[in-house]
Amino acid sequence: MELVPLREGSPLLEEVSRINDEAFPPFERVSIEEMLSVPRRQGDGFYAIVEGGKAAGFLLYLLRSDVCFLGFLAVSEEMRSAGIGGRALELLKSKMAGKRIFLNAESPGPEADIRTRRIGFYARHGLVPCGLRTEFAGTEWTVLCSGPLSGEEYTALMNDAGTPFRFLA
């Protein structure tokens, strides 16, 4: 497995776009064009997860100082439950050695089973709830972190990502 940088014109973009459409509901989905414009600063990344020469998924992250926000991690339906997401996350953690990683995971609710399993997946890879909960797009999110994260650090990265949110008590 390898992480291959995605840029305008990449032959992997069509497959990554299909994975994006199947992996995220419309209210969470960001277009591939928008994702291509996100890596604005040194250290930001938009990568295809390539397994056996084929796009198996993708990830997008923003890096500020020693904090990495994992905005998206998706694996194609036909390749899920094969350890690809976990291996990709471990590759990212290796790439970000010494840095804290955080992400937003939907808080358990009406679709508690899949949401609980997703939080468990991240916990097995060292990303656990850090005490911050937010709301955006009409959904409650639990912030998962590999180390301590302040509300100020979270706010700064979410503002850079252009993600409107509000903290929940």
Side-chain angles (χ1 to χ4, degrees), residues 1-64 66-108 111-128 136-137 139 141-146 157-158 160-163:
M1 170 185 297
E2 63 181 322
L3 299 178
V4 176
L6 289 166
R7 297 182 187 5
E8 198 73 45
S10 168
L12 298 168
L13 283 176
E14 187 175 321
E15 187 63 14
V16 165
S17 182
R18 183 192 63 74
I19 294 166
N20 187 41
D21 288 344
E22 73 185 24
F24 297 101
F27 78 92
E28 282 182 39
R29 192 177 308 137
V30 172
S31 74
I32 295 301
E33 293 75 23
E34 289 175 278
M35 288 189 203
L36 283 166
S37 73
V38 167
R40 296 180 294 264
R41 294 187 184 178
Q42 179 135 4
D44 292 350
F46 182 32
Y47 290 86
I49 301 165
V50 177
E51 178 77 18
K54 180 180 174 184
F58 68 92
L59 57 83
L60 173 81
Y61 63 84
L62 300 177
L63 179 63
R64 301 294 178 267
D66 72 330
V67 182
C68 175
F69 167 55
L70 178 57
F72 291 92
L73 170 61
V75 174
S76 70
E77 276 184 22
E78 64 267 12
M79 299 181 104
R80 286 185 195 146
S81 299
I84 291 170
R87 289 196 327 264
L89 191 52
E90 291 302 319
L91 280 173
L92 177 64
K93 285 172 56 181
S94 176
K95 184 177 181 65
M96 297 294 146
K99 298 178 181 2
R100 294 167 292 152
I101 299 172
F102 79 94
L103 60 96
N104 298 309
E106 296 129 318
S107 299
E111 298 171 20
D113 185 47
I114 186 69
R115 292 175 179 187
T116 300
R117 284 192 349 245
R118 193 173 294 130
I119 289 171
F121 162 79
Y122 286 113
R124 287 189 299 280
H125 293 280
L127 291 125
V128 297
F136 58 89
T139 301
W141 303 82
T142 299
V143 182
L144 307 179
C145 311
S146 64
L157 267 160
M158 290 298 95
D160 273 0
T163 303

Would you give the length of the straight line joining atom [atom1] of [X] to atom [atom2] of [Y], rounded to the nearest 0.5 angstrom?
X: Ile101; Y: His125; atom1: CD1; atom2: NE2; value: 11.5 Å
X: Leu3; Y: Leu92; atom1: CG; atom2: CG; value: 7.5 Å
X: Cys68; Y: Lys99; atom1: SG; atom2: NZ; value: 9.0 Å
X: Leu60; Y: Leu6; atom1: CG; atom2: CG; value: 9.5 Å
X: Phe69; Y: Asp44; atom1: CZ; atom2: CG; value: 11.0 Å
X: Arg29; Y: Glu22; atom1: CZ; atom2: CD; value: 10.0 Å

Could you check Leu70 against Leu127 for side-chain contact (heavy atoms from CB on, under 4.5 Å), going step by step and ending with a plain yes or no?
CA-CA 11 Å; Leu70 178 57; Leu127 291 125; 6.0 Å; no

Between the main-chain N or O of [Y] and the side-chain N or O of [X], is there a donor-acceptor pair closer than 3.5 Å?
X: Ser37; Y: Glu34; result: yes
X: Arg100; Y: Ser146; result: no
X: Asn104; Y: Val143; result: no

For [X] against [Y], the heavy-atom pair lying closest together:
X: Phe24; Y: Leu73; answer: CZ-O, 4.0 Å
X: Ala74; Y: Ile49; answer: O-CD1, 4.0 Å
X: Leu62; Y: Ala161; answer: CD1-CB, 3.6 Å
X: Val16; Y: Ala48; answer: CG2-CB, 4.1 Å
X: Val30; Y: Asn20; answer: O-ND2, 2.9 Å
X: Leu36; Y: Leu13; answer: CD1-CD1, 3.9 Å

Among all residues two or more places apart in sequence or in another chain, which pass the side chain to side chain contact (heavy atoms under 4.5 Å, CB included) test with Arg87?
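Residues passing side chain to side chain contact (heavy atoms under 4.5 Å, CB included) with Arg87: Met1, Glu51, Ile84.
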
What residues form a side chain to side chain contact (heavy atoms under 4.5 Å, CB included) with Ser17, not counting sequence neighbours?
Asp21, Ile32

Other residues, nucleotides and ligands only: do more than 12 of their heavy atoms fall within 6.0 Å of CD on Glu14?
no

Is there a side-chain contact (heavy atoms from CB on, under 4.5 Å) between Arg117 and Phe121 once you walk through the steps?
CA-CA 6 Å; Arg117 284 192 349 245; Phe121 162 79; over 6 Å; no

Aromatic ring pairing Trp141/Phe136, orientation class (parallel under 30°, perpendicular over 60°, tilted between)
parallel

Measure up the Tyr47 and Tyr61 rings against each other and bin them: parallel (under 30°), tilted (30 to 60°), perpendicular (over 60°).
parallel

Is Tyr122 close to Leu89 at the side-chain level, that is, under 4.5 Å between some pair of heavy atoms?
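In contact.
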
Mind jotting down which residue pairs meet the side chain to side chain donor-acceptor pair (under 3.5 Å) criterion with at least one end in residues 70-85? Sequence neighbours excluded, please.
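Non-adjacent pairs meeting side chain to side chain donor-acceptor pair (under 3.5 Å): Arg18-Glu78.
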
